[in-house]
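So the structure is just underneath, and the comments pick up after that.
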Amino acid sequence: MVQRGQFGIKQGLQVYCWVFVNWLLCASVLVCVGATIKRDELTGEIFVARVIHGGLADRSGLLYAGDKLIEVNGQPVEGMEPEQVIEILAHSHGTIMFKLVPMSDRPVNSQTLLYVRAMLDYNPRQDPAIPCADAGMAFRRGDVLEIVDQTDGLWWQARKMPSLSACAGLIPSAELLRRKQRELWWSQPFQKSHSNHSQSCYSRCPSSCYSILANPYEEVVRHRRHPQDKPRLVALMGPSGVGVNELRRRLIAMDPNTFQGPVPHTTRPRKHHEEWGREYHFIGRELFENMVYNHRFLEYGEYRGHLYGTSINAIKSVLDSGKICVVDIEPHGIRVVRTHELRAYIIFVKPPSAARMKLTRTNARITAAGYVNRPFREEDFQEIEEEGARMESQHCHFFDHLIVNDGLQDSCVQLLAAVKRAQDEPQWVPASWLRPTDVS
Ligand SMILES: Nc1ncnc2c1ncn2[C@@H]1O[C@H](COP(=O)(O)OP(=O)(O)OP(=O)(O)O)[C@@H](O)[C@H]1O
């Protein structure tokens, strides 16, 4: 708890008294005050470097970035190192008195809030460059952050959403992250071994490194689909064998008037009982290859000399009909469905432990492109678990929801609830989806 008082203004000097009750000592006491300080190397003067948004100093409205610190508890601070000032504060009990010269033009805070999704992990405790690690905020890939202050080009202030704490923390700006990631990326090929390095505060992206370099934070907005809008595409992703197809089949079977899969294209000849556009869109190889060339497929492959694929147009025609299109995707399909056009809600189907799968998959069969159809072996469960962990660690920042496919019944209930939320409730979506002029 803190009480404060403005003691006086004299010849441009202001004296503030801060009384701390139930004082909690932390490594850098200025974190309690909610401000960081810096020293002008030419003059030796100490300045308030930044005021942490929502912190004590900010809420009091008494300290501003740029104010010159003259005395702390009666001790002149000019010429001191910032650490020495912090030392004085650390030994203060009950009352802290600041004497300072306020900066001449105190800024009016006119910043608009920005929301971003982090595309990488960050740990201020492992970042030697951060001005004050205690004031830093750790985050993980996929976290949505509210950027409350971008005054400093290198260090932003942010809160993690949903925001429970009123106080913001320091995070590296997009520009600083781009710089750091570039340095890290360039330095890696010249290092002999990766195993004995101390862990970096910026975890290097394992894939699509270039796009993460360009955009370490993706701007997002909270958006609720209008009832008249097309439904959102639902994309299920998971390691082969986890049960993605089973869940998709069951969802569609539960309510075929609401859910539908896209009709695939194939170059194989039509059988007499098949109808064009019902089982498949039957097309010639030349047209199929042309569609591949023009990136019109979410995915495609060859089986016994014939091409098969799921086209973007087939997905769009389900959505245009007002039904919720449900597809399964591989990791490379993420960028195809995460667009202004398809606006996919991505659900990761995560395997339970190999031991749990061994118990629950006793009657299950592993199938792969018509070549394999056999009961699961113990090593299959191990592989599914490992592949699931790999997928999650590499792509978790793109997942809107995660379901652990343990019991099938329970997973179906969870899936249905998630799909309903995706259509009816506000979700964080890339801001570019709502700006028609942006290329997504
Ligand atoms: N939760 C579950 N409990 C028991 N069996 C399950 C569960 N989920 C899926 N299965 C069974 O596991 C087998 C594999 O599932 P499915 O074919 O859906 O895998 P998949 O993830 O689509 O893999 P692939 O992409 O290789 O086809 C099927 O026999 C399915 O019925």
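A quick note: this is a predicted structure, and the numbers were derived from the prediction, not measured. We count ligands from 1, going down the list as the structure has it; atoms in each ligand are counted the same way.
Side-chain atoms of R361 never come within 3.5 Å of backbone atoms of K358 as a donor-acceptor pair (strictly under, hydrogens ignored). For R159 (side chain) and E146 (main-chain N/O), no donor-acceptor pair under 3.5 Å exists by modelled atom type.
Among all non-hydrogen protein atoms, the one lying nearest atom 15 (O) of ligand 1 is G243 CA, 3.6 Å. Scanning all protein heavy atoms for the shortest distance to atom 12 (O) of ligand 1 gives A364 CB, 3.5 Å. Among all non-hydrogen protein atoms, the one lying nearest atom 24 (P) of ligand 1 is S240 OG, 3.6 Å. The nearest protein atom to atom 18 (O) of ligand 1, hydrogens excluded, is given as E246 N, 2.7 Å; this is a heavy-atom distance. Among protein heavy atoms, the minimum distance from atom 13 (C) of ligand 1 is reached at R365 O, 3.3 Å. The protein non-hydrogen atom at the shortest distance from atom 4 (C) of ligand 1 is T360 O, 3.2 Å. Taking atom 8 (N) of ligand 1 as the reference point, the nearest protein heavy-atom neighbour is N405 ND2, 3.0 Å. When hydrogens are left out, the protein atom nearest atom 10 (N) of ligand 1 is R361 NE, 4.3 Å; that is the closest non-hydrogen contact.
A donor atom on one side chain and an acceptor atom on the other are not found under 3.5 Å apart for E286 and N290. When only modelled atom types and interatomic distance are considered, T151 and D149 share a side-chain donor-acceptor pair under 3.5 Å.
At a 3.5 angstrom cut-off on N or O pairs, R249 does not count as close to ligand 1. Considering backbone and side-chain atoms alike, V242 places an N or O below 3.5 Å from some N or O of ligand 1.
Heavy-atom distances between I366 and ligand 1 stay at or above 4.0 Å for every pair. Under the 4.0 angstrom criterion for non-hydrogen atoms, G241 is in contact with ligand 1.
Below 4.0 Å from some heavy atom of T367 lie the following atoms of ligand 1, by number and element: 26 (O), 27 (O). Of all the atoms in ligand 1, the ones that sit under 4.0 Å from a non-hydrogen atom of D406 are 1 (N), 2 (C), 3 (N).
Within the 6.0 Å centre-distance limit, the rings of F297 and F288 are counted as a close aromatic pair.
Atom OH of Y300 has 12 or fewer heavy atoms from other residues, nucleotides or ligands within 6.0 Å.
Residue V349 does not touch ligand 1, judged by heavy-atom distances below 4.0 Å.
Taking the charged nitrogens against the carboxylate oxygens, R356 and E385 have no contact shorter than 4.0 Å, which rules out a salt bridge. Under the 4.0 Å criterion applied to side-chain N and carboxylate O atoms, E274 and R278 are not assigned as salt-bridge partners.
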Apply side chain to side chain contact (heavy atoms under 4.5 Å, CB included) to the pair W156 and L176, showing each step before the final yes or no. CA-CA 10 Å; W156 291 346; L176 182 60; over 6 Å; no

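The structure places OG of S173 at 8.0 Å from CZ of R178, a figure rounded to the nearest 0.5 Å.
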